[in-house]
Amino acid sequence: MAATMSKRDYYEVLGVPKTATEEDIKKAFRRLAMKLHPDRNPDDPEAQDKFKEAKEAYEVLCSAQQRAVYDRHGHAGLAGGRGAGAGPGDLGDIFGDIFGDIFGAGRGAQQRARRGSDLRFVMELDLEQAVAGVEREINVPTLVGCHHCASSGSADGKTTTCRTCAGQGRVRVQNGIFSIQQTCPTCHGAGKAVANPCKHCDGHGRLEEEKVVRVKVPSGVDQGDRIRLSGEGEAGPAGAGAGDLYVEIAVREHAIFKRDGDDLYCEIPIRVTTAAMGGELKVPTLDGSAQLKIPEGTQTGKLFRLRSKGVQSVRSHNKGDLMCRVVVETPVKLNAEQRELLAQLESTFTGEDAERNSPRSSSWLDSVKDFIGRIGA
């Protein structure tokens, strides 16, 4: 191997300990290469130097022979060219992964490039529709295959070999010492060009159109859930396969219920008299109504659970609960008789009765007195 470009410790360069495995070293180099690659930093000489430094460190540490020499003798042990260095296959594999991430190169990426784009459609539903499920038709603006030329883009069905890629569907791009392959920008990987373009689609093989798609929404879907419809996205160029359509659920705000997972929450206003003496209330549920028993002395904010009155989740067979939070309402716009009755009631809250009738108030007052006493001290 040639004389080293840097005297920094190779383990320090890659940010790994000396006990790192080969897989750890590959992962570390892959992260650095993604960040420092010259194609991502064309105007940053420092990043390019760091990339070369990381590449050198990787070549040494991923070779068992060179790593052993380096561990014993450091950089001086490599100056004479000892060791075989990392094999082309090793670097080819890791650079293939990196280039695939950066440029989308490779056969798989070529196929993805030819395939039509995926589409996203937001479907708004009422809470009742999301819980029960619904079937609905939606209009999706998209690209469809041109029926005038059978998606070929050719008016007469004739094609010629693409001059840019010579029919290979891929072109080689040189960047410094690196050479990569990319999908041909002219034929988009088809390897063929249209001699006489279709006048309806201008040779693209696709037309803009609003497509009607029927969507079956399962019961129990929630905000942000997505339904994938395979092949309902944009048509691919030159008759290639279509992408997918992702229908994202947006649930409208409900006047009564709020959903949290499989549970539903609602607030139930009750009168002071009901809270004090107890009683029964009819409360709404998504499938009708239910009786809620209010015990004597109920305080505002008290939560009552109605089991299995929530949502049947799309992901499980369990049904959530309905959580009812009671809110004690203070009476307003009292008439003379009501004021008199309340005044009579208030006059009875004296002595031990006051503490017994208002335990939280008495406890709060004791805490306030204790706090003021400590402040005064």
If you draw a 6.0 Å radius around [atom1] in [X], do more than 12 non-hydrogen atoms from other residues or ligands fall strictly inside?
X: Glu208; atom1: CD; value: no
X: Lys192; atom1: NZ; value: no
X: Gln291; atom1: CD; value: yes
X: Arg252; atom1: CZ; value: yes
X: Glu12; atom1: CD; value: yes

Stepwise side-chain hydrogen bond (donor to acceptor under 3.5 Å, both in side chains) test for Tyr10 and Glu56
CA-CA 8 Å; Tyr10 285 148; Glu56 178 182 318; 2.3 Å; yes
N-O pairing of [X] and [Y] below 4.0 Å:
X: Glu232; Y: Lys211; result: yes
X: Lys55; Y: Glu59; result: yes
X: Glu135; Y: Arg214; result: yes

Looking at [Y], is its backbone amide N or carbonyl O close enough to the side chain of [X] to form a donor-acceptor pair, meaning the two atoms are under 3.5 Å apart?
X: Glu124; Y: Ala250; value: no
X: Ser63; Y: Val60; value: no
X: Thr300; Y: Val328; value: yes
X: Lys216; Y: Arg136; value: no
X: Arg259; Y: Gly261; value: yes
X: His75; Y: Arg8; value: yes
X: Gln129; Y: Asp126; value: yes
X: Asp225; Y: Asp222; value: yes
X: Asp202; Y: His204; value: no
X: Asp321; Y: Ser308; value: yes

Straight-line distance of [X] [atom1] to [Y] [atom2], nearest 0.5 Å:
X: Asp9; Y: Leu14; atom1: CG; atom2: CG; value: 9.5 Å
X: Asp263; Y: Arg307; atom1: CG; atom2: CZ; value: 9.5 Å
X: Lys309; Y: Thr285; atom1: NZ; atom2: OG1; value: 5.0 Å
X: Leu281; Y: Thr274; atom1: CG; atom2: OG1; value: 6.0 Å

Answer with yes or no whether the hydrophobic clustering places [X] together with [Y]; edges join I, L, V, M, F, W, Y residues whose side-chain heavy atoms lie under 4.5 Å apart.
X: Val69; Y: Ile25; result: yes
X: Val134; Y: Leu245; result: yes
X: Val144; Y: Val140; result: no
X: Ile256; Y: Leu127; result: yes
X: Ile294; Y: Val272; result: yes

Classify the angle between the aromatic ring planes of Tyr11 and Tyr70 as parallel (below 30°), tilted (30 to 60°) or perpendicular (above 60°).
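Rings of Tyr11 and Tyr70: tilted, as their planes differ by 30° to 60°.
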On the 0 to 90° scale, with breaks at 30° and 60°, tag the Tyr58-Phe29 ring pair as parallel, tilted or perpendicular.
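Geometry flag for Phe29 against Tyr58: parallel rings.
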Taking all non-hydrogen atoms of both residues, which atom of [X] and which atom of [Y] are closest, and how far apart?
X: Cys62; Y: Lys26; value: SG-CG, 3.9 Å
X: Glu234; Y: Arg206; value: OE1-NH1, 4.1 Å
X: Val171; Y: Pro185; value: CG2-CD, 4.1 Å
X: Ser154; Y: Val194; value: CA-CG1, 3.6 Å
X: Arg115; Y: Ala242; value: NE-O, 3.7 Å
X: Cys165; Y: Arg170; value: CB-O, 3.5 Å

Could you walk me through whether Cys266 and Arg325 satisfy the side-chain contact (heavy atoms from CB on, under 4.5 Å) test, starting with their C-alpha distance in whole Å, then the side-chain angles of each, then the deciding distance to 0.1 Å, before giving a yes or no?
CA-CA 6 Å; Cys266 70; Arg325 186 189 305 275; over 6 Å; no
Stepwise salt bridge (charged side-chain N to carboxylate O under 4.0 Å, His left out) test for Glu248 and Arg120
CA-CA 7 Å; Glu248 185 173 317; Arg120 173 177 171 267; 3.0 Å; yes
Begin with the C-alpha distance, continue with both residues' side-chain angles, and end with the deciding distance and a verdict on side-chain contact (heavy atoms from CB on, under 4.5 Å) for Val326 and Thr298.
CA-CA 8 Å; Val326 297; Thr298 294; 3.7 Å; yes
Who are the side-chain hydrogen bond (donor to acceptor under 3.5 Å, both in side chains) partners of Arg228, not counting sequence neighbours?
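Arg228 satisfies side-chain hydrogen bond (donor to acceptor under 3.5 Å, both in side chains) with Asp244 once adjacent residues are dropped.
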Results of ring pair (Phe, Tyr, Trp, His ring centres under 6.0 Å) for Phe257 - residues two or more places apart only:
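Result, ring pair (Phe, Tyr, Trp, His ring centres under 6.0 Å) vs Phe257: His254.
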Could you go step by step and tell me if Leu292 and Leu306 meet the side-chain contact (heavy atoms from CB on, under 4.5 Å) rule?
CA-CA 8 Å; Leu292 177 64; Leu306 296 180; 4.2 Å; yes
Below 6.0 angstrom between ring centroids: does that apply to Phe121 and Tyr246?
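No, the ring centres sit 6.0 Å or more apart.
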If hydrophobic residues (ILVMFWY) are linked whenever their side-chain heavy atoms come closer than 4.5 Å, directly or via other members, who joins Met323 in its cluster?
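Its cluster mates, by chain and number, are Tyr265, Leu303.
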Pair Leu207, Leu143 - check side-chain contact (heavy atoms from CB on, under 4.5 Å), show working.
CA-CA 5 Å; Leu207 296 170; Leu143 291 174; over 6 Å; no
